[in-house]
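Chain letters run A, B, ... following the sequence lines, proteins first, then strands; residues in each count from 1.
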Protein chains: 2
Amino acid sequence: MIPERTIGRLSLYRRILDQVLDQGRTYIFSHELAKLSGNKPAQVRRDLNVVKCPGCASKGYDVQEMIRCIDSTLDGPDKQRIALVGVGNLGRAVLHYFLGRRKKLEFAAAFDRDHDKVNRVIHGCRVYHIDELNDVIRKENIRLGVITVPVSEAGHIADLLVHGGVRGILNFTPAPLRIPPGVYVENIDITSAIEKVVYFTDLGNREKEKE
Amino acid sequence: MIPERTIGRLSLYRRILDQVLDQGRTYIFSHELAKLSGNKPAQVRRDLNVVKCPGCASKGYDVQEMIRCIDSTLDGPDKQRIALVGVGNLGRAVLHYFLGRRKKLEFAAAFDRDHDKVNRVIHGCRVYHIDELNDVIRKENIRLGVITVPVSEAGHIADLLVHGGVRGILNFTPAPLRIPPGVYVENIDITSAIEKVVYFTDLGNREKEKE
DNA sequence: TTCACGCTGTGAAACATTTCACAACAAATA
DNA sequence: TATTTGTTGTGAAATGTTTCACAGCGTGAA
Ligand SMILES: NC(=O)c1ccc[n+]([C@@H]2O[C@H](COP(=O)([O-])OP(=O)(O)OC[C@H]3O[C@@H](n4cnc5c(N)ncnc54)[C@H](O)[C@@H]3O)[C@@H](O)[C@H]2O)c1
Ligand SMILES: NC(=O)c1ccc[n+]([C@@H]2O[C@H](COP(=O)([O-])OP(=O)(O)OC[C@H]3O[C@@H](n4cnc5c(N)ncnc54)[C@H](O)[C@@H]3O)[C@@H](O)[C@H]2O)c1
């Protein structure tokens, strides 16, 4: 059972290593990957040990081997089919960005309740009416969902997804989803990210005790 | 010095409390806010202690008082002026979402290098050419930046922002920004968030040792 | 007035994660 | 061959965060 933080870093390493490989490098040292990813060398080595990627004291780590090790940990055996719910500004940005970007991820269906959006193909993804959600995700065998509806709708949408058989959700809404055990939820809260920046940036200005 | 996780939760509590207040409630117990925010009651009480918000054993916490305490910790004294760089799909989603949403946050300028976008007002925000960045953020007294350009541009944009006097950055790019001490960076990595969902969802399918 | 209840506030324990620090080793050099 | 150099892999320490568990208290009931 690998901790969440580690998975996040492995995901980042992989994208960096794809680039490193494109540049023709075949080996890399932990301190180099550390610099490229914004971490400490010891952290990088630990993370690589976790995915059983062996290094060589003189040459460092074999880049292709690293990618293979990370792949075998992060990727499922098959291509992951994902449903996106809420084809608004953020939803469309996500669909557009991931279109053809990562081989193992496919946005197989999107849902909205706005009739101007349904029955169209947006950024390579067919948009269905929300009422069809259950049928479509079952028929398409979709196990993952992304929620980009307004916060007031999120709880209800999460219930629909879970009822349809979805077992992992990326939730862009600040609503805490009440889901049964066995379903995994990852939250991205853009508002709180901005508020963190405000707080930690202002430390100099305001009276903030160090300790 | 309050830890980052705590700040994230406080930001969430505040939004929940705004709603609670709209519903006419004046007091709330830690276990209720815990349920609404997806945390344990002891965690909520600790967080509130951190912002010196007193509770009453019989009535719980005064909602307005809580909001005041959180405000006085999270918000700077003035409205925060923010620059967004990269008016693409994600950048526009952010501009649109925050337009008039949080009183203390204002997207005061946006920048792009695409001439179709510059010198227009998009979602209430004037878009300038990237070459004007330094002048505009100095003139407008902007101290915070949001980076939504392609990953290859992010390092360069971060340098421009810092050079112009920006001290806090929200970076949507997976590029680790090399910034001087005193500048705070918060990263949102949507790709790694999705990959976390893939990993933790698949635990049942694949052979994953528990321990 | 006394009691029982349920909540807050918090010290201390438990748990999680990062970092240090160094033995062991491979390659390059002399 | 012996020596130097610089890296990996990892036990153990340090650090950071959450959770437990309960003393103390205010309120309402008897
Ligand atoms: N965009 C951002 O920067 C941002 C920032 C912070 C939080 N968020 C969160 O992400 C959510 C989405 O943001 P956005 O900017 O894309 O909003 P948006 O309003 O542009 O899009 C919401 C979409 O969901 C659809 N929808 C609404 N109810 C639905 C339902 N019951 N079933 C199916 N579809 C439904 C709407 O038709 C619309 O297309 C926000 O509501 C917020 O909770 C976004
Ligand atoms: N949209 C997503 O779901 C998503 C997911 C993962 C990561 N990201 C990250 O966020 C970034 C932005 O995503 P997006 O979907 O909005 O991309 P996008 O291509 O729609 O937008 C990028 C914008 O930046 C502008 N730009 C490019 N170079 C510039 C420069 N030097 N100066 C000023 N402006 C410049 C472009 O003109 C464009 O408007 C991505 O490149 C990626 O790194 C986005």
Can you name the side-chain hydrogen bond (donor to acceptor under 3.5 Å, both in side chains) partners of A/Arg46, sequence neighbours left out? none

Which residues share a salt bridge (charged side-chain N to carboxylate O under 4.0 Å, His left out) with B/Asp18, sequence neighbours left out: B/Arg102

Degree of bending, the helix from C/dT1-D/dA30 to C/dA30-D/dT1 (end axes from five pairs; round to 10°): 0°

5' to 3', nucleotides 21-30 of chain D under a 4.0 Å protein heavy-atom cut-off (B base, S sugar-phosphate only, - none) gives B----SS---

What residues in residues 4-19 of chain A put a non-hydrogen atom under 4.0 Å from any atom of DNA chain D? none

Under the salt bridge (charged side-chain N to carboxylate O under 4.0 Å, His left out) rule, collect the residues that match up with B/Arg68, sequence neighbours excluded. B/Glu65

Could you tell me if A/Tyr61 and A/Glu32 have a donor-acceptor pair between their side chains, going purely by distance under 3.5 Å? no

Can you name the residues that form a side-chain hydrogen bond (donor to acceptor under 3.5 Å, both in side chains) with A/Glu106, not counting sequence neighbours? A/Arg81

For A/Gln43 and for B/Leu48, find the nucleotide of DNA chain C with the closest heavy atom, then tell me which residue's nucleotide is more 5'. B/Leu48

Please name all residues satisfying side-chain hydrogen bond (donor to acceptor under 3.5 Å, both in side chains) with B/Ser192, sequence neighbours left out, ordered by chain then number. none

Name all pairs fulfilling the side-chain hydrogen bond (donor to acceptor under 3.5 Å, both in side chains) condition that reach into residues 89-101 of chain A, sequence neighbours left out, sorted by first residue then second. A/Asn89-A/Arg92, A/Asn89-B/His96, A/His96-B/Asn89

Out of D/dT19, C/dT17, D/dT10, whichever nucleotide has its closest atom nearest the side chain of B/Lys40: D/dT19

Please report the distance, rounded to the nearest Å, between OH in B/Tyr27 and C1' in C/dG6. 17 Å

Value in whole Å for how far the P atom of C/dT8 lies from CG of B/Asp62: 13 Å

Whole angstrom value for the distance that separates P of D/dA12 from CZ of A/Arg46: 11 Å

Taking salt bridge (charged side-chain N to carboxylate O under 4.0 Å, His left out) as the test, write out the residues that go with B/Asp131, two or more places apart. none

For a quick test of reading the model: is some side-chain N or O of A/Asn49 closer than 4.0 Å to OP1 or OP2 of D/dT10? yes

Report all side-chain donor-acceptor pairs from residues 148-160 of chain A shorter than 3.5 Å, counting only partners two or more places apart or in another chain.
unit_1   : atom_1 : unit_2  : atom_2 : d
A/Thr148 : OG1    : A/Val85 : O      : 3.1
A/Thr148 : OG1    : A/Gly86 : O      : 2.6

Contacts of A/Asp62 meeting salt bridge (charged side-chain N to carboxylate O under 4.0 Å, His left out) (sequence neighbours excluded), chain-then-number -> none

